[in-house]
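First up is the structure itself, then whatever we jot down about it.
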Amino acid sequence: MKTKKIGNKIIVRIDKGEEIVKSLLNICKEYNVTLGSIMGLGATNKVTIGLFDVDTKKYHSEKFTGNYEIAPLMGNITMMNEEPYLHLHINVCDASHHSFGGHLNKAVVSATFEAIIDLIDGQVTRVFDDETGLNLLEI
Ligand code: FE
């Protein structure tokens, strides 16, 4: 994993074999990111994608292995319980160029992954909401 900060942006490269969510959390901690957005693309061969069931208020996650393009990954960085909190969604494309996606739990880079984190000077936290069962933005 390599990073370079330019102005209010962090340029990110995550390398083969590294896990994307964990790497992004480490970058947020290293740069003390409290609020921002992220957009990325690359390739994965092991990805776990979730779907939130609004009736049961539970995530159903599925693991996929194979060659996939990440096209794209996007998300928000906020804070919860004094820790950076990532809310990431991903779309992946298979060998037939069909895409599917959802809430990103985990993805291992198969070739490379690159992203730009857009930093916002400020802080937004999250609070658990009983009605939806989700950690909502506290704004
Ligand atoms: Fe989500």
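This chain uses plain numbering: 1 for the first residue, then up along the sequence. We count ligands from 1, going down the list as the structure has it; atoms in each ligand are counted the same way.
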Residues 92-102, side-chain donor-acceptor partners within the protein, below 3.5 Å, at least two apart:
unit_1	atom_1	unit_2	atom_2	d
D94	OD1	S96	N	2.9
D94	OD1	H97	N	3.2
D94	OD1	H98	N	3.0
S99	OG	N91	ND2	3.4

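Residue pairs meeting the side-chain hydrogen bond (donor to acceptor under 3.5 Å, both in side chains) criterion with at least one member in residues 117-135, sequence neighbours excluded: K9-D118, T78-R126, Y85-N135, T125-E138, D129-T132.
D55 has no carboxylate O lying under 4.0 Å from a charged side-chain N of K57, or vice versa, which leaves the two without a salt bridge.
Hydrophobic side-chain contacts under 4.5 Å tie M74 into a cluster, directly or through other members, with M39.
Protein N/O/S atoms nearer than 2.8 Å to the Fe ion (ligand 1) total 3.
Proximity of V108 to F113: side-chain heavy atoms (C-beta onward) are nowhere separated by under 4.5 Å.
Checked against the 6.0 Å centroid criterion, the rings of F52 and H103 do not qualify as a close aromatic pair.
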